[in-house]
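Comments concern the structure below.
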There are 2 protein chains.
Amino acid sequence: MNTSHRHTRQRQIVLEELQKVTSHPTAARLYEVVRHRLPKISLGTVYRNLELLHRLGVIAKLQMAGEEARYDGNPRRHDHIRCVQCGRVDDMAYPQLLDLPVGQVDHSTGYRILGYRLEFHGLCALCRQKRESEASSPVPFHTDHAVPFNQPRE
Amino acid sequence: MNTSHRHTRQRQIVLEELQKVTSHPTAARLYEVVRHRLPKISLGTVYRNLELLHRLGVIAKLQMAGEEARYDGNPRRHDHIRCVQCGRVDDMAYPQLLDLPVGQVDHSTGYRILGYRLEFHGLCALCRQKRESEASSPVPFHTDHAVPFNQPRE
DNA sequence: TCATTATTAGTAACTATTACTGTTATTTGA
DNA sequence: TCAAATAACAGTAATAGTTACTAATAATGA
């Protein structure tokens, strides 16, 4: 069984268009963009190639909490911040976590640690301004792990 | 319009059963457990109450990357580790992130930062042993943001 | 060039979750 | 205490993101 991957026009263009942008598009959004160059491409093909490129480590797949998956042409380790209002995702600089025994077995949990995901959430500049001009309206839903929220259990 | 919440047997038992366990069950799993006490409860009721209790800050909703949502009877801020093989989720102790201007506007991104989510991934003790006994087989899929993975872009 | 087969387009199926609808039962206050 | 008001319910249908299926197409190595 040959496990090599063929070089197709569809795969090439999906990768090219993803690498052009910094907006962390969803599969559906990237599909729209790619269709300008390949009108007959199917959404399934976009999904399949994104998944393959992700498995190969060429791109990154961002499955943020409970949201539609987004893709990132930059596979290097970096973190993201997501707007809780509009879903926009941007890169966020944060130093790597310290004292993480990656590859080692963590003795408190028994897990062999492979890595981590760190995602910030907040209000993007646009949604922040919109909210401020509309006066007082609280955060629309409970954003898990908001730092000020720290009440004791029972 | 009265926005108070009624105290129903269904809501009470969903909360009780969630608070009994430390296994971070999915809605479907909790539904199975709750049915032992309320055979006629519907899955929608479990979902609705979990969502309400989450909004009220009584429980935590863990929407780990791309996975089925899990619920945690402990709403205090803490982090989790997920097994990339079997999906199991455990608590993981890690100190709070430093130098995070929560509530402030981050000048590099323009976001008002509200909080963050930190999730580790790895192999739980069981899956680790299973894998070791089956000899060499690599991690089945690309676990995003694995720390050793750090190649330059393009 | 040709045979092999990975990949495609198009579509159907799947799954977690939410919405809808008529019924039930908690709440409230007369 | 009792009954009106309505939040919440059970049961079911709908939604949305994603994956699986199938016959046709095209990339690849001989």
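Sequence lines set the chain letters: A, B, ... in the order given, protein chains first and strands last, and positions in each chain run from 1. No hydrogens, no waters, no symmetry mates; every other heavy atom, side chains included, goes into these values.
In this model, the phosphate group of D/dT18 is approached by a side-chain N or O of A/Tyr47 to a distance below 4.0 Å at OP1 or OP2. Considering only side-chain N and O atoms, A/Gln10 lies nowhere under 4.0 angstrom from the phosphate OP1 or OP2 of D/dA26. A close approach under 4.0 Å does not occur between any side-chain nitrogen or oxygen of A/His7 and OP1 or OP2 of D/dT28.
Of the candidate nucleotides C/dA9, C/dT7, D/dA7, C/dA9 has the atom nearest to the side chain of A/Thr45. Checked against C/dT7, C/dT27, C/dA16, the side chain of B/Arg6 finds its nearest nucleotide in C/dT27. Side-chain atoms of B/Glu68 lie closest to C/dA16 of the nucleotides D/dT19, D/dC9, C/dA16.
No engagement by B/Glu51 is indicated, since no non-hydrogen atom pair under 4.0 Å with the nucleic acid exists. Note on A/Arg48: a base of the nucleic acid sits closer than 4.0 angstrom, heavy atoms only. Across all strands, A/Ala69 comes closer than 4.0 Å only to sugar-phosphate atoms, never to a base (heavy-atom distances).
Rounded to a whole Å, the CG atom of B/Leu52 is 16 Å from the C1' atom of C/dT17. In this structure, B/His54 atom NE2 and C/dT17 atom P are separated by 12 Å, rounded to whole Å. In this structure, the CD atom of A/Glu67 is 15 Å from the C1' atom of D/dT18, given to the nearest Å. Taking atom OH of residue A/Tyr31 and atom P of nucleotide D/dT19, one finds them 16 Å apart after rounding to whole Å. Computed from coordinates, the B/Asn49 CG to D/dA7 P distance equals 15 Å when rounded to whole Å. Counting to the nearest Å, the C1' atom of D/dT25 and the CZ atom of A/Arg11 are 14 Å from each other. Taking atom CG of residue A/Leu62 and atom P of nucleotide D/dG17, one finds them 16 Å apart after rounding to whole Å. One interatomic measurement links the two molecules: CG of B/Leu43 to P of D/dT15, which rounds to 19 Å at whole-angstrom precision.
Looking at A/Glu51 and A/Arg48, no side-chain N of the basic residue comes within less than 4.0 Å of a carboxylate O on the acidic one, giving no salt bridge. Taking 4.0 Å as the cut-off between side-chain N and carboxylate O, B/Asp72 and B/Arg70 do not count as a salt-bridged pair. A salt bridge links B/Glu32 to B/Arg29: at least one charged side-chain nitrogen sits closer than 4.0 Å to a carboxylate oxygen.
A distance of 8.5 Å separates CD of A/Gln10 from OG of A/Ser42, quoted to the nearest 0.5 Å. Atoms NE2 and CD, on A/His7 and A/Gln12 in that order, are 4.0 Å from each other to the nearest 0.5 Å.
If you check the side chains of A/His80 and A/His78, you find a donor sitting under 3.5 Å from an acceptor.
Scanning residues 35-42 of chain B for heavy-atom distances under 4.0 Å to DNA chain D yields B/Lys40, B/Ile41, B/Ser42.
For the pair A/Arg82 and B/Tyr111, the cation does not sit on the ring face, since its NZ or CZ is not both under 6.0 Å from the ring centre and inside 45° of the axis.
Residues A/Phe120 and A/Tyr94 bring their aromatic ring centres within 6.0 Å.
Remark on DNA chain C: of its neighbouring residues B/Gly44 and A/Thr8, the 5'-side contact belongs to A/Thr8, judged by nearest-heavy-atom nucleotide.
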